[in-house]
Amino acid sequence: ESLPCVVFRTLYKAKRYEEALPYLEDALSSKKYCNTILCNMAINCLGKTKRWDEAVVVFERMSTDLAHAPDGMTHSVIINALALSGRWEEAIALFDSMVKSSDPTLRENSPAMTSSLNSAINACDISGRWQDALELLRRADRDGVKADMISFSTTMNALVRAGKCDGALAVFREMISRKLEPGLVACNFVLTNCSKHKKGEVALEFLEVMRKAKLKITSVSYNAVITALYREEKPEKVLATFREMQLYRLCPD
RNA sequence: AUCUCCUC
């Protein structure tokens with residue numbers, strides 16, 4: 001076995017990215033044990049430690065001296081590194097290059113395409129580009145990419161962060177109609193942001209949709225909605241929702 | 001064997 005590869009993988013899997021860095025170069029230069037997956041781990045390790053330019057360098061080296069063709073997952077991790085460094089335009093461009101790729105093994109790798117879409121949407125969220133996030137989600141079908149629960153949740157995050165709570169509600173309704181159940185935490189994040197932006201009525205509608213879809217509702221959810229209504233100065237609805245909460249069987253937190 | 005959102 002190649003020890004640098006073993007040590008690098010071990011530290012990587014333990015998410016000890018900083019400690020894994022010193023072994024990265026030796027692991028990559030192992031002729032026998034370096035493969036595409038190890039390169040993907042290396043790129044992600046550099047991304048996790050905010051070494052974005054170095055991550056891009058390894059990505060480019062894969063096609064040259066490392067001689068391991070980048071696969072769908074490689075694209076996904078590099079798009080994520082671009083996302084975290086605020087390079088949303090490059091992230092979207094790389095995602096588009098996958099969609100338009102003449103290589104069917106890339107386009108037909110559905111999990112990697114979805115993950116890349118999600119990283120691209122996340123890039124938009126991080127950079128405050130909610131319009132672009134929404135556009136990526138809207139054209140996913142046309143692009144032949146399957147949008148999943150994370151695609152919808154991330155788009156909602158981008159929208160509510162920008163105060164576009166009614167837009168997020170529309171995404172939420174579509175998500176429910178597609179039978180993609182958002183997690184409790186994702187719902188609560190949306191509701192918390194509704195209260196930050198004083199969108200009480202919208203928060204109330206979210207709660208209604210959640211109830212109809214039989215999603216879990218906790219005290220965090222009700223707290224956020226009531227706070228939102230209070231900040232929007234809807235005293236009657238504050239009281240009505242508070243009374244409703246006392247009658248409703250809340251899920252434990 | 002590798003990736004992506006989320007309550008402060």
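Reckoned from all heavy atoms, side chains included, excluding hydrogens, waters and symmetry mates. Just so it is clear: chains get the letters A, B, ... in the order the sequence lines come, proteins before strands, and each one is counted from 1.
- Across all strands shown, Asn35(A) has heavy atoms under 4.0 Å from base atoms, whether or not it also approaches the sugar-phosphate.
- Geometrically, Arg9(A) does not engage Tyr33(A) in a cation-pi contact defined by less than 6.0 Å to the ring centre and at most 45° from the axis.
- With A1(B), C5(B), U7(B) as the candidates, the nucleotide lying closest to the side chain of Lys13(A) is A1(B).
- Ion pairing between Lys199(A) and Glu205(A) fails under the 4.0 Å rule for side-chain N and carboxylate O.
- If you check every strand for non-hydrogen atoms under 4.0 Å, Ser153(A) touches a base.
- Within 4.0 Å (heavy atoms only), Val220(A) reaches at least one base atom of the nucleic acid.
- Contact check on Arg129(A) versus Glu135(A) returns no salt bridge, with no Lys/Arg side-chain nitrogen under 4.0 Å from an Asp/Glu carboxylate oxygen.
- Taking the side chain of Ile150(A) as heavy atoms from C-beta on, and the options U4(B), U2(B), C6(B), the nearest nucleotide is U4(B).
- Atom pair Leu191(A):CG and U7(B):C1' shows a separation of 10 Å (rounding to whole Å applied).
- The side chain of Asn157(A) has C6(B) as its nearest neighbour among C6(B), U7(B), U4(B).
- Relative orientation of the Phe172(A) and Phe206(A) rings is tilted, given thresholds of 30° and 60° on the angle between their planes.
- For the pair Leu94(A) CG and U4(B) P, the interatomic distance rounds to 16 Å; values are reported in whole Å.
- Spacing between atom CG of Asn109(A) and atom P of U4(B) amounts to 16 Å, rounded to whole angstrom units.
- Put simply, CE on Met175(A) is 10 Å from C1' on C5(B), counting in whole angstrom units.
- Atom NE2 in His75(A) sits roughly 17 Å away from atom P in U4(B) (whole-Å rounding).
- Within 4.0 Å of Met41(A), counting heavy atoms only, lie sugar-phosphate atoms of the nucleic acid but no base atom.
- Across the protein-nucleic acid pair, Asp71(A) atom CG and U4(B) atom P stand 15 Å apart, rounded to whole Å.
- For U7(B), neither phosphate oxygen OP1 nor OP2 lies less than 4.0 angstrom from any side-chain nitrogen or oxygen of Lys196(A).
- Rounded to whole Å, atom P of U2(B) lies 21 Å from atom CE of Met113(A).
- Rounded to whole Å, atom P of U7(B) lies 17 Å from atom CG of Leu215(A).
- Tyr12(A) comes within contact range of the sugar-phosphate backbone alone, with a heavy-atom separation under 4.0 Å but no base atom that close.
- Side-chain proximity of Ile37(A) to A1(B), U7(B), C5(B): nearest is A1(B).
- Salt bridge present: Glu208(A) and Arg211(A) bring a charged side-chain N and a carboxylate O closer than 4.0 Å.
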